[in-house]
Amino acid sequence: MTTPVIIAVAITGSLPQKKDNPAVPITVPEQIESTQEAFEAGATIVHVHVRDAQGKSSSEPENFLAFKEGVNKRCPGMIVQFSTGGRGRESSTRGGMLQLRPDMASLATGSVNFPGMIYENHPQLVDELAASMLEYDIKPEIECFDLSMLYNTYDMVQSGQLKDPVHVQFIFGMKGILPPRKEILEFEVEQFSKLLPGSTWTAAGIGRHQLTLNKWALELGGHVRTGLEDNVRFDKARLAKSNAELVARVAQMATEDYGRPVATTAQAREMLSIAPAA
Ligand code: ZN
């Protein structure tokens, strides 16, 4: 039987603004609305960054709480994943909202250069975020911007800082991180399968590489991520109308071109070892 595909939607991110695409949801009510549309199109995980009143990425727990409550109510069973990403956020506040116990949270297990900045994940911060996720029973999504981050993940599983099985995301296609080359993904997946049997993986491509990575992941048995955080375009010629449009595209591709059914929320939770929704 083919593995159902879990579709994650990254609705906002820390950088995209209305000027990039008016469909980018910025306020919490806009984010909840956009998430519901994406959920109805087949997304089972929502990855979220919240913004402050000026529209900048922030760590305000009250925004995270309002978002989580809205999505729990309007998208029954959907997995809520908070970003602990660093852009525009003080490292001391990056895990402050984990006490709200989202189903999942992102965790980068190393530092990397992004265009014009260092995406800094000090070893101590990585350890602290991982410890909070264990404490609050949050499933991490490990963000691998670089190959070393996969081996760091393995070490953290061995030392008990991460609970096995893990969920790993391989990211491609931005200056400073890995280029979108299929043989790199294949190598990563091969290493992943040896090191972390029984764990799950997904892949994300930035900008025009979003669709490319969706296709490779579907073919290689992984899960997928789409959404306006990574890419504000539907195709070269036009902007995406919504997060839901990007989700619908990958859902259709999964079923029609790759014979992969779209996972239900119950299936996604089971595959990721996340407790059924309350
Ligand atoms: Zn993000």
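In each ligand, atom 1 is the first atom listed, and ligand 1 is the first ligand listed.
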Original post:
When you measure from the centre of the six-membered ring of F234, is the NZ or CZ of R249 under 6.0 Å away and within 45° of the axis?
Top reply: yes

**OP:** Mind checking how many protein N/O/S atoms fall short of 2.8 Å from the Zn ion (ligand 1)?
**Re:** 4

Original post:
In terms of ring plane angle, is the pair H167 and H223 parallel, tilted or perpendicular, where the classes change at 30° and 60°?
Top reply: tilted

Original post:
Among E229, Q31, Q17, whose side chain to side chain donor-acceptor pair (under 3.5 Å) with T12 holds?
Top reply: Q31

**OP:** Quick one: which residue pairs count as a ring-ring contact (aromatic ring centres under 6.0 Å, His included) with a foot in residues 18-59, not counting sequence neighbours?
**Re:** H47-H49

Original post:
Considering residues at least two apart in sequence or located in another chain, which fulfil the side-chain contact (heavy atoms from CB on, under 4.5 Å) criterion with Q161?
Top reply: D127, M156, S159

Subject >> Pairs satisfying side chain to side chain donor-acceptor pair (under 3.5 Å), at least one member in residues 212-221, at least two apart >> reply: K182-E219

